[in-house]
Amino acid sequence: FAPEPTTAATSTITAPMGPTAIKDVNAVTDDKTRLSYWFPLIAAAGLPVPQTKIVRVSDDDMALLYPFVLDQEGGPEPWHRLIAAIKSAAKELPGPPYFLRTDYLSGKHGWVETCYVADLDTVPNHVSRIAEESEMCDIMGRPWDVWVVREFLPTIATFSAFQGMPIAREFRYFVLEPADYGTDVR
């Protein structure tokens with residue numbers, strides 16, 4: 001079974017994490033490399049994109065999640081809210097499987113332990129591994145306060161690597177903002 005690639009864009013903020021848990025994703029523009037910044041731009045441009053759900057963790061919950069996830073200190077309530085929110089978002093998409101990532105990274109080299117989610121019961125393990133990857137990817141780490149669940153698009157892989165990750169031809173599109181190129185574009 002190989003589902004057809006989806007060409008319609010869906011960008012949703014899923015909010016089952018408490019009254020202060022979700023913030024307007026459009027306000028998350030402190031860094032243009034965040035998916036929550038650039039994804040709405042490419043979706044609005046009409047480019048084909050996988051169906052996508054965005055889950056934002058509140059500042060309050062993140063303050064509790066850091067010590068719980070990284071050092072097993074504190075209570076599990078914010079962790080349970082995060083896992084429930086990610087699972088809820090995934091259930092609105094075609095799948096399984098699903099592709100899971102943060103605003104910045106997916107930990108794709110850990111494929112079956114990180115971004116490739118074949119079973120929703122394994123989401124806690126995937127979240128933990130991606131959070132760990134996020135903390136280790138740079139001297140200061142990368143934030144993992146925004147989670148992205150995406151429809152998994154089938155590929156025609158020429159080979160696999162990194163725990164079974166399919167390696168296929170890839171195309172990347174870059175969308176410039178009008179201020180970046182002026183109004184007279186030829």
Looking only at heavy atoms, which two atoms of [X] and [Y] are closest? And how far apart?
{"X": "A157", "Y": "P166", "value": "CB-CB, 3.5 Å"}
{"X": "S106", "Y": "C115", "value": "O-CB, 3.4 Å"}
{"X": "E92", "Y": "Q51", "value": "O-OE1, 4.5 Å"}
{"X": "V149", "Y": "A89", "value": "CG2-CB, 4.2 Å"}
{"X": "Y98", "Y": "L120", "value": "CE1-CD2, 3.7 Å"}
{"X": "W147", "Y": "V127", "value": "CH2-O, 3.5 Å"}

Under 4.5 Å between side-chain heavy atoms, counting indirect links through other Ile/Leu/Val/Met/Phe/Trp/Tyr residues: same cluster for [X] and [Y] or not?
{"X": "F159", "Y": "V112", "result": "yes"}
{"X": "Y104", "Y": "M136", "result": "no"}
{"X": "L64", "Y": "L70", "result": "no"}

Can a donor-acceptor pair be found between the side chains of D60 and S58 at a distance below 3.5 Å? no

Is there a donor in the side chain of R150 and an acceptor in the side chain of T52, or the other way round, less than 3.5 Å apart? yes

To the closest 0.5 Å, what do you measure between [atom1] ([X]) and [atom2] ([Y])?
{"X": "R169", "Y": "I156", "atom1": "CZ", "atom2": "CD1", "value": "11.5 Å"}
{"X": "L41", "Y": "K32", "atom1": "CG", "atom2": "NZ", "value": "9.0 Å"}
{"X": "K108", "Y": "E133", "atom1": "NZ", "atom2": "CD", "value": "11.5 Å"}
{"X": "C137", "Y": "R142", "atom1": "SG", "atom2": "CZ", "value": "6.0 Å"}

Across all chains, not counting sequence neighbours, the side-chain hydrogen bond (donor to acceptor under 3.5 Å, both in side chains) partners of S128 are none

Okay, side chain of [X], backbone of [Y]: is any donor-acceptor separation there less than 3.5 Å?
{"X": "H126", "Y": "T114", "answer": "yes"}
{"X": "D71", "Y": "E73", "answer": "no"}
{"X": "D103", "Y": "S36", "answer": "yes"}
{"X": "S134", "Y": "I130", "answer": "yes"}

Quick one, R101 with L35, criterion side chain to side chain contact (heavy atoms under 4.5 Å, CB included). Give me CA distance, side-chain angles, the key distance, then yes/no. CA-CA 10 Å; R101 58 169 291 158; L35 182 140; 3.8 Å; yes

Is the closest basic N to carboxylate O distance between R34 and D145 below 4.0 Å? yes

Answer yes or no: is there a side-chain heavy-atom contact under 4.5 Å between [X] and [Y]?
{"X": "N125", "Y": "E113", "answer": "no"}
{"X": "L100", "Y": "I86", "answer": "yes"}
{"X": "P50", "Y": "L153", "answer": "yes"}

Using the ring of each side chain (for Trp, its six-membered ring), is Y116 parallel, tilted or perpendicular to W111, with breaks at 30° and 60°? parallel

For W144, give me all partners under ring-ring contact (aromatic ring centres under 6.0 Å, His included), at least two apart in sequence or on another chain. Y66

Apply side chain to side chain contact (heavy atoms under 4.5 Å, CB included) to residues I83 and K87 and explain how you reach the verdict. CA-CA 6 Å; I83 300 306; K87 286 181 176 183; 3.8 Å; yes

Evaluate the side chain to side chain contact (heavy atoms under 4.5 Å, CB included) criterion for residues V55 and V146: first the C-alpha distance (whole Å), next the side-chain angles of each, then the deciding distance (0.1 Å), finally the verdict. CA-CA 6 Å; V55 178; V146 176; over 6 Å; no

Any chance you could lay out the side chain to side chain contact (heavy atoms under 4.5 Å, CB included) test for K53 and V148, step after step, and finish with the verdict? CA-CA 6 Å; K53 302 291 180 184; V148 181; over 6 Å; no

